[in-house]
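The structure under discussion appears below in the form of structure tokens.
Keep in mind that this is a model prediction, so the values were computed, not measured. In what follows, every chain begins at residue 1, and chains take the letters A, B, ... in the order their sequences are listed.
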Protein chains: 2
Amino acid sequence: MQNIDTSPLEKLRAYLETADLGEDGRLPPERELAEALDMGRTVLRKALATLQGQGLVWRHVGKGTFMGERPVASATDINALVLRTNPMEVMAARLAFEPEIARLAAANATGSQINDMRACAQKCRQAPTWRQYEHYDNRLHRSLGEATQNALLLALLDTMTTVRRAVTWSRRRDKPDRPPRDHHSFEQHDRILEAVAARDGQAAADAMRTHLRTVEQNLRESLGN
Amino acid sequence: MQNIDTSPLEKLRAYLETADLGEDGRLPPERELAEALDMGRTVLRKALATLQGQGLVWRHVGKGTFMGERPVASATDINALVLRTNPMEVMAARLAFEPEIARLAAANATGSQINDMRACAQKCRQAPTWRQYEHYDNRLHRSLGEATQNALLLALLDTMTTVRRAVTWSRRRDKPDRPPRDHHSFEQHDRILEAVAARDGQAAADAMRTHLRTVEQNLRESLGN
DNA sequence: TCTAAACCAATTTTCACATTGGTTCATGAA
DNA sequence: TTCATGAACCAATGTGAAAATTGGTTTAGA
């Protein structure tokens, strides 16, 4: 029982070092591997269990056995994510994320992008309904993401927006008529765009933070706190 | 031709206002809808084309017709995203995102989470290979995301990490031996964790930014710039 | 010229089947 | 008995083809 038990483990270790696994790090199914290493499936499974305990491999029924650490599962499952979060969490994420978006937008936005954003801000002012206001507000915030010239940041922003819509969706208040003439966002949007146009990243981030804090306050009140 | 043509459009508009569409805003297939509204498929399609021109609905072969604006395609398609980005973009995203993660972690981390992170930092120091070093480095950065107590932020961080691995993957250098004893990250990790433990969000964000700037510099050199 | 039916192509859904890690159990050696 | 061994079985997953669905296009007919 002394080295009869350790021998398969070392055999397996040696195999893993020399084997040319595919890009995904997947190794052959247990039945094949057992035959290739000239051992029973039971003893192979024991050896694999040891390696799994050490975090060197991970396994899943129907998939196979893989080298390395188990990949993160929930990365892109938006539906599952919506169930685990809530409006205040989304707001906190926006407050962490969007000011930095604004900062980078100030550094990288093109002239035509700035024009587009100004057009969105203008449409927000003229929107005859809350629905249309939100449409252009969304476009404005996304345009800032585009202006960063960073596809990854834009994708992350889009993901956050998707979650935000899904979370906010159920409690979508039916507001009366239209945004008031002196709606706080109008001026705050202008401040953000001024800073972006002036290439002042710090001011853009601050203005965005101020804007989102106001939105957060409104959200708090609408949630009844 | 005068109102024979506008009548189907108004009928369709009236339907859209009263119909109880599912959460996805999908409306019945053309054939069903045509029968329900008692009109031919051709005239229904004309009306739908009008609404589509106004941006009120969008359609796709094999999928169906949906209310609202066409959703952003790339929100969660990581594979497509990997093709459109590059290591420097990922680095810029990390620099924008992770300092704010650290700031929120400082505000919300639990004691056991701080202990976990310290354990990761310690394992980084003792790692006998670069591979294991990266393993614990990844765990440390993700633990900071967990410490924000914000499921959405953590999901965004995971997405970014997935993309980062995929992008960096092809240019994975086979470094010799192991991280040097005085590897810059060791002390920088400690600084971040000190700030988090002291509940100093600003210091945590600054320390993270400093850390990532160093990583960025190394990346630049390894890319040959 | 307009309409409705037929047809087309993109997409989703369904289903059967193979694959794979996990579990149970009878067998047999120690 | 006790415990390891291997075969059979189980449930989750992947695969791939066929069928159904759906918006788009063409065509014949009134």
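- Closest of all the heavy-atom pairs between A:Cys120 and A:Leu140 is CB-CB, 4.0 Å.
- Atom CG in B:Asp38 sits about 14 Å away from atom P in C:dT3, given to the nearest Å.
- Residue side chain A:Thr42 does not reach the base of D:dA4 through any donor-acceptor N/O pair under 3.5 Å, judged by distance alone.
- In this structure, A:Gln52 places its CD atom 10 Å from C1' of C:dG21, rounding to the nearest Å.
- Dashed line: the shortest gap from a side-chain N or O of B:Arg45 to OP1 or OP2 of D:dG24 is under 4.0 Å.
- Protein atom NZ of A:Lys46 is 17 Å distant from nucleotide atom C1' of C:dG21, rounded to whole Å.
- Surrounding CZ of A:Arg139 are at most 12 heavy atoms belonging to other residues, nucleotides or ligands under 6.0 Å away.
- The CZ-P distance, from A:Arg41 to C:dG22, rounds to 9 Å in whole Å.
- The separation between B:Leu33 atom CG and D:dG23 atom P is 9 Å, rounded to whole Å.
- Rounded to an integer number of Å, the gap from B:Arg59 CZ to C:dT11 P is 16 Å.
- In this structure, the CZ atom of B:Phe66 is 12 Å from the P atom of C:dT11, given to the nearest Å.
- When all heavy atoms are compared, the tightest approach of B:Thr148 to B:Ile101 is CG2-O, 3.5 Å.
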Protein-nucleotides 12-20 of chain C N/O pairs closer than 3.5 Å?
{"from": "C:dT20", "atom 1": "OP1", "to": "A:Arg26", "atom 2": "NH2", "distance (Å)": "3.3"}
{"from": "C:dT20", "atom 1": "O2", "to": "A:Gly62", "atom 2": "N", "distance (Å)": "3.4"}

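- Atom-to-atom, CG of A:Leu48 to C1' of C:dG21 comes out at 10 Å; the value is rounded to the nearest Å.
- Nearest heavy-atom pair, B:His211 versus B:Ser185, reported as atom, atom and distance to 0.1 Å: CE1-OG, 3.3 Å.
- Using a cut-off of 4.0 Å between Lys/Arg side-chain N and Asp/Glu carboxylate O, B:Arg31 and B:Glu35 are scored as not salt-bridged.
- In this structure, A:Arg103 pairs ionically with A:Glu100, as a charged nitrogen and a carboxylate oxygen lie closer than 4.0 Å.
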